Amino acid sequence: MNNKIGVIVDSFRVGVREGLAKAKKVGADGVQIYAVSGEMDPANLSAAQRKELKSYIESLGLEISALVGDLGGYGFQDKTVNAEKIEKSKRILDLAVELGTSVVTTHIGLVPEDKNSEIYQTMHDACEELASYATSMNAFFAIETGPEPSARLKDFLDGLGSKGVSVNFDPANMVMVTGDDPAEGVHNLKDYIVHTHAKDGIRLKEVPAYYIYETLGFEPPANENNTFVPGEGQYFREVPLGEGSVNWQSYLQALKDIGYQGYLTIEREVGEDPEADISKAVQFLKQFRG
């Protein structure tokens, strides 16, 4: 593989500026940054600040692989809040383009099996509007894989009529939640993959996806304290690259087979020493370079 290696700045858990410096230190080529709230919220960045930030990232010899625009909750399943979420998503994409990237990654919520359901139509309408806007900007909203099988996601994307909404491929989410084979998923979604996350994990228990991802109309079972904390430690476990169920040899070969030339961006959401884990992840990926 000759793909560039990225790092999600927020994975260092030290703030944007220090995170950028750490990304450079561990040997990354580029970075992905959350742009939903706080200092990176588009509403909090003036034109001058955007220009300065872009210059600073370039001065480190880095580029932005994508921004994260995940607005949480039910994704775009709830039509009562979609107008606000769509508007916010558009502003994040505007920021992305200003900073030199064409990709904003996001979760849209679990795509239902029933294409005639109200939730399916609500998600379709929202994504159709987002796709149209992204296409007008020569950019992409990239849905993160995980909640549903790759074949169902492909069918949903095929119905949008443009590739303005595409895919951020996360192999770990597949093995941890749906049990999908990432290599097969790559071939299923080959027409839509514009960005990837490099993450690894293990599935501990097979459960419906709504146990892990918030889904409108479904309430997962509560634990003994009558509270529910999705996922980690109960149904799946995220682990350092190479220590989980992702077959990296076949997964990276699949990306090569479909001609994917974009970023492999490391995401580390857990662990006591993220910098050490991310540094090891960079080296792990570099061993696959020709």
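Counting begins at 1 with the first residue of the sequence. The shown structure was predicted, so the numbers you read here are calculated from the model rather than taken from an experiment.
Counting only heavy atoms from C-beta outward, the side chains of Met174 and Ser150 approach each other to under 4.5 Å. In this structure, the side chains of Ile108 and Cys127 come closer than 4.5 Å at one or more pairs of heavy atoms. Contact annotation: the side chain of Asp10 approaches that of Ile33 to within less than 4.5 Å [non-hydrogen atoms, C-beta and beyond]. Counting heavy atoms from C-beta outward, Leu252 and Lys256 have side chains that stay 4.5 Å or more apart. No side-chain heavy atom of Tyr133 sits less than 4.5 Å from a side-chain heavy atom of Ile86.
A side-chain donor-acceptor contact under 3.5 Å links Ser55 to the backbone of Lys51. Proximity of a side-chain donor or acceptor of Arg289 to a complementary backbone N or O of Asn2 within less than 3.5 Å is not detected.
Nearest heavy atoms, Leu153 versus Thr145: CD2-CG2, 4.0 Å. Closest approach of Ser89 to Leu71, counting heavy atoms only: OG-CD1, 3.7 Å. Pairing each heavy atom of Leu110 with each of Pro147, the nearest pair is CD1-O, 3.2 Å. Closest of all the heavy-atom pairs between Thr196 and Tyr263 is OG1-O, 2.8 Å. Taking all atoms of both residues into account, the shortest heavy-atom contact from Arg13 to Pro274 is NH2-CD, 3.5 Å. Ala139 and Leu93 get closest at one heavy-atom pair: CB-CD1, 3.8 Å.
Ion pairing between a basic and an acidic side chain is recognised when a charged N comes within 4.0 Å of a carboxylate O; Asp155 and Lys115 show such pairing. A salt bridge links Lys154 and Asp158; the closest N-O separation between the charged side-chain nitrogens and carboxylate oxygens is under 4.0 Å. A salt bridge does not link Glu84 to Lys88: none of the charged nitrogens lies less than 4.0 Å from a carboxylate oxygen. A salt bridge does not link Asp277 to Lys280: none of the charged side-chain nitrogens sits closer than 4.0 Å to a carboxylate oxygen.
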(request) Show your reasoning for whether side chain to side chain donor-acceptor pair (under 3.5 Å) applies to Tyr74 and Asn82. (result) CA-CA 10 Å; Tyr74 297 121; Asn82 275 0; over 6 Å; no
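Under the 30°/60° scheme for interplanar angles, the aromatic rings of Phe218 and Tyr210 are found to lie parallel.
Glu148 meets the salt bridge (Lys or Arg N to Asp or Glu O under 4.0 Å) test with no other residue; sequence neighbours excluded.
Aromatic ring centres of Phe169 and Tyr192 lie farther apart than the 6.0 Å criterion allows. Aromatic rings from Tyr211 and Phe236 are positioned such that their centres are separated by 6.0 Å or more.
Listed by first and then second residue, the salt bridge (charged side-chain N to carboxylate O under 4.0 Å, His left out) pairs involving residues 95-112 are Arg50-Glu98 (not counting sequence neighbours).
Of the residues His197, Glu144, Gln32, the one that meets the side chain to side chain donor-acceptor pair (under 3.5 Å) test with Thr105 is Gln32. With respect to Leu53, the side-chain contact (heavy atoms from CB on, under 4.5 Å) criterion is satisfied by exactly one of Ile64, Leu99, Leu95: Leu99.
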